[in-house]
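Below: the structure, in structure tokens.
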Amino acid sequence: MKNRLADLIANAVASCTQKGLLPDVKLPHIEIEVPANPEHGDYACNIAMILASQAKQNPRAIAKTILENLVDPNGLIEKAQIAGPGFLNFQLKDDFWRQILLQIQDQREKYGCLNIGQGKKVQVEFVSANPTGPLHIGHARGAVVGDVLSNLLQANGYRVSREYYINDAGNQMNNLGKSVLYRYREILGEKIEFPENCYRGDYIKDISSDIINKEGKRYLTQAEEETVPYFNAVAGAVILEGIKQDLKDFGVTFDNYFSEKELYKENGVSDLLSSLQKQGFIYSDGETLWFKTTAYGDEKDRVVIRKNGDPTYFAADIAYHRNKFARGFDILIDIWGADHHGYMPRLWAAIQALGHDKDDLKIILVQLVNLLRAGEPVAMSTRSGEFVTLREVLDEVGKDAARYNFLMRRSDSHLDFDLEVAKKQSNENPVFYVQYAHARICSIIRMACERGMALPAYKNMNPSLLAQPEERVLIKMMARYPEMLEGAVKSLEVHRITFYLNELAGVFHSYYNKNKVVTEDMALSAARLVLVDAVRIVLENALKILGVNAPQKM
RNA sequence: GCGCCUGUAGCUCAGCUGGAUAGAGCAACGGACUUCUAAUCCGUUGGCCGAGAGUUCGAAUCCCUCCAGGCGCACCA
């Protein structure tokens with residue numbers, strides 16, 4: 001829609017320059033926007049003001065020249081005028097707007113989706129929580145953002161792979177094994193003092209008891225160095241299974257779980273280091289190996305091999321990202337908790353050293369979640385075991401409300417998540433507002449069927465009966481859907497979908513309260529049924545991207 | 001001390017990448033169910049866009065300087 005108008009204007013400007021009415025100016029990107037004030041028409045363009053300084057002419061005069069040379073072969077434009085400092089305001093023909101309905105009915109679940117990605121391969125890595133404990137509410141936000149972003153890109157022409165990186169090779173796994181062992185001993189009667197770095201949650205006890213039930217007390221006598229690695233493996237596997245199950249119930253699935261351990265097995269880290277060494281990015285200070293990340297703007301160089309000979313987490317992470325690129329992805333997207341932001345410059349430095357563009361790796365920071373219960377903050381810490389798990393949130397507020405809540409803010413703004421509010425089935429909870437709109441439309445269509453009015457095909461209704469101003473507003477709102485999706489894809493901002501949905505649902509509810517869809521007037525009813533069904537389709541399409549259910553009844 | 005994020009209505013937040021008179025939701029107040037679902041709608045109240053200077057036709061948006069809050073600044077992950 002916007003694009004077709006932009007083309008007309010571009011042609012008009014070109015023809016003006018050709019005729020010498022305008023100096024030969026460089027044509028800037030033509031911005032078409034939807035004016036906030038409906039009196040300013042359906043679309044507005046600021047081109048005349050942009051050109052004013054280059055052309056050294058009064059913007060209103062330029063606007064006039066452009067309008068005089070505007071050719072509209074398909075008759076889109078009802079009215080065009082110059083306003084304010086030099087805006088071009090356009091009102092499109094009603095017929096043109098009504099064609100949107102045809103398009104929606106025609107494309108159904110595909111309506112709104114554009115082939116922006118053109119088949120590019122993109123990998124989205126998210127969650128990637130250490131398997132040392134169940135997922136908590138902080139992980140949940142990243143999970144939803146990653147999942148919805150993947151859905152969004154997939155719907156718009158990208159080939160998307162979702163991946164979870166399992167940090168199963170670091171110290172924290174040892175601490176996990178130890179924690180299980182200490183609980184094991186404790187249950188079997190020993191008195192234990194827990195070190196600082198051990199995990200205290202009840203899930204550790206469960207794993208310990210389970211080992212006792214299956215294998216008895218034989219690990220009491222075995223040397224700790226032998227037991228811990230085994231307990232690591234057992235606990236890691238149990239916890240990872242739990243994580244997968246929680247995610248699945250949250251509507252989040254992955255194409256691939258990538259193990260850090262596997263990376264080492266395949267010499268990914270040592271290969272990486274030797275190749276960086278050849279390129280001259282590695283130097284030694286006698287005890288440790290350093291990576292010259294300052295060569296690409298990092299504030300200081302980073303250690304890759306420690307004094308004790310072990311590679312750092314960073315070394316493994318570079319190897320991991322090299323591995324990702326080697327798998328043929330055109331774009332990598334990492335979704336991180338905002339507390340890791342300090343890590344970005346060094347990773348960007350690393351991928352540039354590997355010969356990639358900084359833009360090939362997009363990093364989305366998701367701010368931490370302040371968990372509240374009835375306005376009171378809830379303290380959380382994985383080590384102490386005091387946290388609200390994703391499981392508990394799912395059980396308490398449900399999948400749809402939880403997901404929607406995480407999508408109502410830009411990901412880089414802090415989010416207050418109040419359990420009491422989220423589980424209320426009331427107007428404080430916007431997810432129901434949107435779902436209700438969908439259910440209402442389904443209900444109308446059901447009612448129409450009962451009265452013997454099956455949903456008519458678009459071609460069998462008379463679109464010019466949709467003459468109410470609210471109907472025009474609804475149609476314009478639906479016409480904006482593809483534009484909104486495009487913006488969300490380009491900015492990688494999924495919250496825009498939620499805001500759009502709230503607005504669309506609002507416009508519909510308002511229409512519903514003012515106009516009756518199914519009446520004695522068969523022709524009018526048919527037209528309105530097609531209209532509201534189009535709204536239903538758009539709601540359903542958008543909710544599907546959010547991974548939120550679109551109910552037939554509420 | 002350095003870096004990143006945030007600061008917009010009483011509260012929680014949008015603001016389409018520089019546009020026209022800054023918008024929603026919640027809260028408060030007043031109205032609308034004999035009606036296709038009142039989980040809804042209609043109306044009213046509410047603003048020095050943290051502060052100051054700058055860039056230009058035009059700034060909540062961009063540059064600079066402050067102020068406040070959050071988060072980082074490991075041979076942890």
Side-chain angles (χ1 to χ4, degrees), chain A residues 31 33-37 39-40 44 46 49-50 52-53 58-59 83-87 89 128 130 132 167 169-173 175 197 260 287-290 299-300 302-314 316-317 337-345 365 367-368 370 375 408-410 412-416 418 421 424-433 435-437 439-448 450-451 480 483-484 486-488 490-491 493 495-496 498-500 502-503 505-506 508-519 525 528-529 532 553-554:
Chain A
E31 295 284 344
E33 55 170 27
V34 179
N37 185 341
E39 281 171 26
H40 295 142
N46 61 355
M49 289 177 292
I50 304 269
S53 63
N58 179 330
F87 286 102
N89 290 342
S128 299
N130 297 339
T132 55
N167 297 139
N171 286 332
Q172 81 283 358
M173 291 310 285
N175 294 337
N197 54 12
E260 186 182 356
E287 292 182 308
T288 62
L289 285 188
W290 294 77
E299 56 179 359
K300 58 181 180 182
R302 306 292 172 174
V303 171
V304 282
I305 298 288
R306 293 190 273 243
K307 209 187 287 181
N308 68 5
D310 289 342
T312 57
Y313 173 83
F314 179 47
D317 209 23
D339 51 341
H340 288 78
H341 68 261
Y343 192 78
M344 294 161 68
L365 294 178
Q367 279 292 348
L368 305 184
N370 297 320
M408 284 193 316
R409 266 153 199 71
R410 244 178 33 239
D412 55 6
S413 88
H414 290 117
L415 168 65
D416 290 338
D418 194 310
V421 175
K424 258 191 224 168
Q425 304 211 349
S426 75
N427 54 1
E428 283 174 73
N429 214 338
V431 65
F432 298 115
Y433 184 76
Q435 289 183 317
Y436 186 51
R440 256 184 163 173
I441 297 171
C442 290
S443 171
I444 295 171
I445 294 170
R446 265 197 309 274
M447 161 68 68
E450 280 165 21
R451 295 191 191 170
R480 264 179 51 200
E483 293 157 16
M484 180 280 298
E486 185 179 0
K490 290 191 172 156
S491 60
E493 290 178 348
H495 73 277
R496 294 191 189 195
T498 334
F499 280 87
Y500 172 82
N502 277 315
E503 209 177 327
F508 166 74
H509 283 310
S510 182
Y511 172 71
Y512 174 93
N513 273 275
K514 201 164 170 187
N515 301 89
K516 214 159 152 51
V517 175
V518 180
T519 60
S525 301
R528 289 185 171 173
L529 277 169
V532 298
K553 261 184 202 174
M554 282 175 76

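These numbers come from the heavy atoms of this one structure, side chains and all, not from hydrogens, waters or symmetry mates. Letters A, B, ... mirror the listed sequences (proteins, then strands); counts begin at 1. Just so you know, these numbers come straight off a predicted model, no measurement behind them.
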Practice task
Return the nearest nucleotide to the side chain of A:R451; candidates are B:C36, B:C13, B:A39.
Solution key: B:C36

Exercise for the section: Can you label the angle between the A:Y512 ring and the A:F508 ring as parallel, tilted or perpendicular, going by 30° and 60°? Expected result: tilted

Problem - Spacing between A:M408 atom CE and B:G25 atom P, to the nearest angstrom - result: 13 Å

Fill in the blank from the handout: Partner of A:V518 under side-chain contact (heavy atoms from CB on, under 4.5 Å), picked from A:I444, A:V532, A:I445, is A:I444

Practice task
May I ask which nucleotide in the shown strands pairs with B:A24, Watson-Crick or G-U wobble, both distances under 3.5 Å?
Solution key: B:U12

Practice task
Taking only the side-chain heavy atoms of A:H509 (C-beta and beyond), determine which of B:C75, B:C41, B:A39 contains the nearest atom.
Solution key: B:C41

Problem - Pair partner, B:G19 [Watson-Crick or wobble, under 3.5 Å] - result: B:C57

Exercise for the section: Could you check whether A:H495 gets within reach of a base, just the sugar-phosphate, or nothing at all, counting any heavy atom under 4.0 Å? Expected result: sugar-phosphate

Exercise for the section: Ignoring backbone atoms, establish whether A:Y512 has a side-chain N or O less than 4.0 Å from OP1 or OP2 of B:C42. Expected result: no

Problem - A:Y313 vs B:A77: side-chain N/O to OP1/OP2 distance below 4.0 Å - result: no

Problem - Selection from B:A77, B:A14, B:A38 that lies nearest to any side-chain heavy atom of A:Q172 - result: B:A77

Problem - d(NZ, A:K516; C1', B:A32) in whole Å - result: 16 Å

Practice task
Report the nucleotide, chosen from B:A77, B:C75, B:C41, that has the shortest atom-to-atom distance to any side-chain atom of A:N171.
Solution key: B:A77

Problem - Identity of whatever pairs with B:C71 - Watson-Crick or G-U, under 3.5 angstrom - result: B:G3

Handout entry: Base paired to B:A77 (Watson-Crick or G-U; both N/O distances under 3.5 angstrom)
Key = none

Problem - Nearest-nucleotide pick for A:A439, side chain only, options being B:C75, B:U37, B:A77 - result: B:U37

Exercise for the section: Compare the minimum distances between each of B:C41, B:G72, B:C73 and the side chain of A:K300, then state the nucleotide with the smallest one. Expected result: B:C73

Handout entry: Counterpart base for B:U40, defined by Watson-Crick or G-U wobble contacts under 3.5 Å
Key = B:A32

Practice task
Report, as a single string ordered 5' to 3', how protein heavy atoms within less than 4.0 Å touch nucleotides 16-21 of chain B: B base, S sugar-phosphate only, - not at all.
Solution key: BB-BBB

Problem - Any strand: nucleotide that pairs with B:G46 via Watson-Crick or wobble, under 3.5 Å - result: none

Fill in the blank from the handout: The answer to which of A:P311 and A:A338 contacts RNA chain B further toward the 5' end, by nearest nucleotide, is A:A338

Exercise for the section: Look at A:R440 and B:A38 and indicate whether a side-chain polar atom (N or O) is within less than 4.0 Å of OP1 or OP2. Expected result: yes

Completion exercise
To the nearest angstrom, the CD-P distance between A:E299 and B:G1 comes to 16 Å

Practice task
If the plane angle is over 60° it's perpendicular, under 30° parallel, otherwise tilted; pick one for A:Y343 and A:Y313.
Solution key: tilted

Problem - Contact nearer the 5' end of RNA chain B, comparing A:A505 with A:N515 - result: A:N515

Completion exercise
Taking every heavy atom of A:Y433 against every heavy atom of A:H509, the minimum-distance pair comes out as O-NE2, 3.1 Å

Polar-atom pairs under 3.5 Å, protein N or O versus N or O of nucleotides 4-6 of chain B: list them with distances, or write none.
from	atom 1	to	atom 2	distance (Å)
B:C5	O2'	A:Q367	NE2	3.3
B:C5	O2'	A:D412	O	2.9
B:U6	OP1	A:R410	NH2	3.2

Problem - Test: A:K490 and A:E486 ion pair at under 4.0 Å - result: yes

